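Quantities reported herein were computed from a predicted structural model and do not represent experimental measurements.
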Amino acid sequence: MTAPVSPTPAVDRSQVLIFDTTMRDGEQSPGASMSHAEKLELAKILEEMGVDIIEAGFPIASNGDFEAVRAIAQIVTRSTVCGLARASVADIERCAEAVRPAARGRIHTFISTSPSHRDHILRMSPEDVLEAITKSVTHARNLIGDVEWSAQDATRTEQEFLRRAVEAAIRAGAKTINIPDTVGYTYPDEYAAIFRDLIEAVPGADTVVFSTHCHNDLGLAVANSLAGVQGGARQVECAINGLGERAGNAALEEVVMALRVRGDRLPYKTGIETQHITKASRYVSAITGFPVQYNKAIVGKNAFAHESGIHQDGMLKDRGTYEIMTPEAVGQGATNLVMGKHSGRHAFREKLSALGYELGDNALNDAFRRFKELADKKKHVFDEDIVALVDDGISQEAGRIVVSRLRVIAGTDGPQTAELTLVVDGVEKSAKATGDGPVDAVFNAIHEIVPHQAILRLFQVHAVTEGTDAQAQVSVRLEEDERISTGQSADTDTLTASAKAYVTALNNLFARREKAAPGQVVASGF
Ligand code: KIV
Ligand code: ZN
């Protein structure tokens, strides 16, 4: 069978391709699960930002992953949509099916190459691994033109064997060769040398794109990725906010800005429109419930804050004294106090557009209605409030359960009591419950109306802005049968936000169950 024509563009050595794995490796971090709707929204954000390749999931891992990759493949037209597959026929075929609707689809197949993984995980000889590479890449290439191959644990692999493995993958038709530092073990100079050696020694190396994929166990993921580029890699695999297994992957925003700010050291362009970075970071933080540390490079709240008098003085004289890039370059505009209860729909739409949101008519009407409600409760509506409000709308979409009314009695003279009404599958249901504190009382009331076995793994509150009338952004993480589900909500009332976040997490959990075993959830209630 001849392979379909490859949609991969010819290799441009002056460009570093940005491969985002927030939805695959990122979602593998414990607790960082995203709902179907959230993944679709994130894919739109990544595409708009100019990400070259979106790794949307691991299709064989679950029906939910398969559906997400497939749905993203249907809506994304500019970025390549990629799915992950082990070196097995079933994995590769499932992946091919998921990415088939994509304008540009890619199968990313991998196998371990290091002695440790060969002996303890695969129990395969080096020769068996080489054979598996040839078979898997050939099979993938017969299904799609764009195939990436990864050598899992490459940085702990004997260099001589790595050369042979890479050669086998290139011969079988891989277009991209990824050299992951799976366990975050390598050093920058060592990693650069691996690429130089492969590019020099392996026949056909000049016809493919080499890629970095670095984990952050020693805090070196970004430095190693940049060293990989110095060694000849022209694709960097990374994730928003550095999300990923264990200590995470290289942070997309740091890699991109390091390339942009220090073009004198690494003269390569990326296709990223950097002003979208902050929005992507906030969105990923909101949907995963993983806060961004205040002093995080590029996207931290303090990344552009100048507190000391000497610094402030310098900044007033010339921003370049203490700023190597502007906050505007990454979409961190100053917080503006321009919206209030008298702002009209047109101004609201303009504001959303400035914040990077283009909503359809229905979503805009809904967001505008909720903005008006917020402006009635809160004197000043900041940009962060609007971002929280819109993101909230996306994550609350179309669940079986809706919070209708909540009244809580709290204070020093317990018991704290919650009276709650939910609409469950269109039917109003109420309960009154007490608890060890008002949040506990609210969650107990939810339990009474919607009995379930899920365990609360995370309850987190943070203020969206300053001031006592600030919105509280609440994240809830639930676990059931090793399935993690998160929910977020923002409201000026912390308890209302808590109830909505919990209900969203439940909705996401039920949606996942329904995908895993269609029909059974409805038939058996909760
Ligand atoms: O870290 C790793 O090796 C991976 C591969 C599956 C690419 O994530
Ligand atoms: Zn990884």
Side-chain angles (χ1 to χ4, degrees), residues 8 10-19 53 87 108-119 122 124-134 136-137 147-218 220-238 249-250 255 258-259 262 265-268:
T8 316
V11 180
D12 172 2
R13 304 280 168 204
S14 68
Q15 168 123 12
V16 171
L17 300 172
I18 299 297
F19 175 115
I53 303 108
H108 174 192
T109 181
F110 73 98
I111 192 166
S112 292
T113 51
S114 68
S116 155
H117 286 212
R118 287 190 322 247
D119 294 346
L122 299 175
M124 282 165 79
S125 71
E127 295 308 317
D128 289 343
V129 171
L130 293 178
E131 198 185 321
I133 294 168
T134 301
S136 55
V137 175
V147 173
E148 170 169 340
W149 176 78
S150 284
Q152 185 166 227
D153 206 16
T155 53
R156 294 192 301 165
T157 300
E158 312 90 323
Q159 190 66 15
E160 176 52 33
F161 181 64
L162 190 59
R163 285 185 195 162
R164 293 177 67 202
V166 168
E167 183 176 350
I170 295 175
R171 278 191 197 283
K175 300 279 182 208
T176 303
I177 300 292
N178 184 30
I179 305 297
D181 183 29
T182 304
V183 291
Y185 175 76
T186 200
Y187 248 49
D189 60 339
E190 182 185 47
Y191 198 47
I194 293 175
F195 284 98
R196 282 198 195 100
D197 174 77
L198 293 173
I199 290 167
E200 207 180 287
V202 176
D206 57 332
T207 64
V208 299
V209 173
F210 278 86
S211 176
T212 69
H213 178 110
C214 296
H215 281 269
N216 206 28
D217 300 66
L218 292 173
L220 291 172
V222 171
N224 286 336
S225 303
L226 296 173
V229 172
Q230 276 172 324
R234 289 295 177 272
Q235 175 179 288
V236 173
E237 302 195 359
C238 43
N249 284 82
V255 169
L259 287 170
R262 296 306 307 272
R265 305 291 304 180
L266 287 170
Y268 309 110

If we count only N and O atoms by modelled type, under 3.5 Å, do the side chains of Gln235 and Ser211 hold a donor and an acceptor together?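 There is such a pair between these side chains.
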
First locate atom [atom1] of [X], then atom [atom2] of [Y], and finally report the distance between them rounded to the nearest 0.5 Å.
| X | Y | atom1 | atom2 | result |
| --- | --- | --- | --- | --- |
| Asn224 | Asp189 | CG | CG | 9.0 Å |
| Ser225 | Asn216 | OG | CG | 9.0 Å |
| Thr176 | Trp149 | OG1 | CH2 | 12.5 Å |
| Phe110 | Asn178 | CZ | CG | 11.0 Å |
| Ile133 | Glu167 | CD1 | CD | 11.0 Å |
| Phe19 | His108 | CZ | NE2 | 5.5 Å |

Audit row: Arg164, Glu160, salt bridge (Lys or Arg N to Asp or Glu O under 4.0 Å) steps and yes/no: CA-CA 7 Å; Arg164 293 177 67 202; Glu160 176 52 33; 5.4 Å; no

Going through the checks in order, is the side-chain contact (heavy atoms from CB on, under 4.5 Å) test met by Phe161 and Leu130? CA-CA 9 Å; Phe161 181 64; Leu130 293 178; 3.7 Å; yes

Close side-chain approach of [X] to [Y], heavy-atom, < 4.5 Å:
| X | Y | result |
| --- | --- | --- |
| Leu226 | Leu259 | yes |
| Pro203 | Ile170 | no |
| His117 | Arg156 | yes |
| Thr134 | Arg171 | no |

Using every non-hydrogen atom in the two residues, find where [X] and [Y] come nearest and quote the distance to one decimal.
| X | Y | result |
| --- | --- | --- |
| Ala87 | Ala132 | CB-O, 4.5 Å |
| Ala250 | Glu237 | CB-O, 4.2 Å |
| Ala151 | Leu162 | CB-CD1, 3.8 Å |
| Ala154 | Thr113 | CA-OG1, 4.0 Å |
| Asp12 | Ser14 | OD1-OG, 2.8 Å |
| Ala174 | Val137 | N-CG1, 3.5 Å |

Check whether any side-chain N or O of [X] sits under 3.5 Å from a backbone N or O of [Y] as a donor-acceptor pair, and report yes or no.
| X | Y | value |
| --- | --- | --- |
| Thr182 | Asp153 | yes |
| Ser114 | Thr157 | no |
| Asp181 | Thr186 | yes |
| Tyr191 | Ile179 | yes |
| Arg234 | Arg13 | yes |

Over 60° means perpendicular and under 30° means parallel, so tell me whether His213 and His215 are parallel, tilted or perpendicular.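 Tilted.
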
The test is side-chain contact (heavy atoms from CB on, under 4.5 Å); show your working for Arg163 and Asp197 and say whether it passes. CA-CA 8 Å; Arg163 285 185 195 162; Asp197 174 77; 2.7 Å; yes

In sequence, state the C-alpha distance, the side-chain angles, and the governing distance for Leu266 and Gln230, and then conclude on side-chain contact (heavy atoms from CB on, under 4.5 Å). CA-CA 7 Å; Leu266 287 170; Gln230 276 172 324; 3.2 Å; yes

Full working for side-chain contact (heavy atoms from CB on, under 4.5 Å) between Tyr185 and Asp217: CA-CA 7 Å; Tyr185 175 76; Asp217 300 66; over 6 Å; no

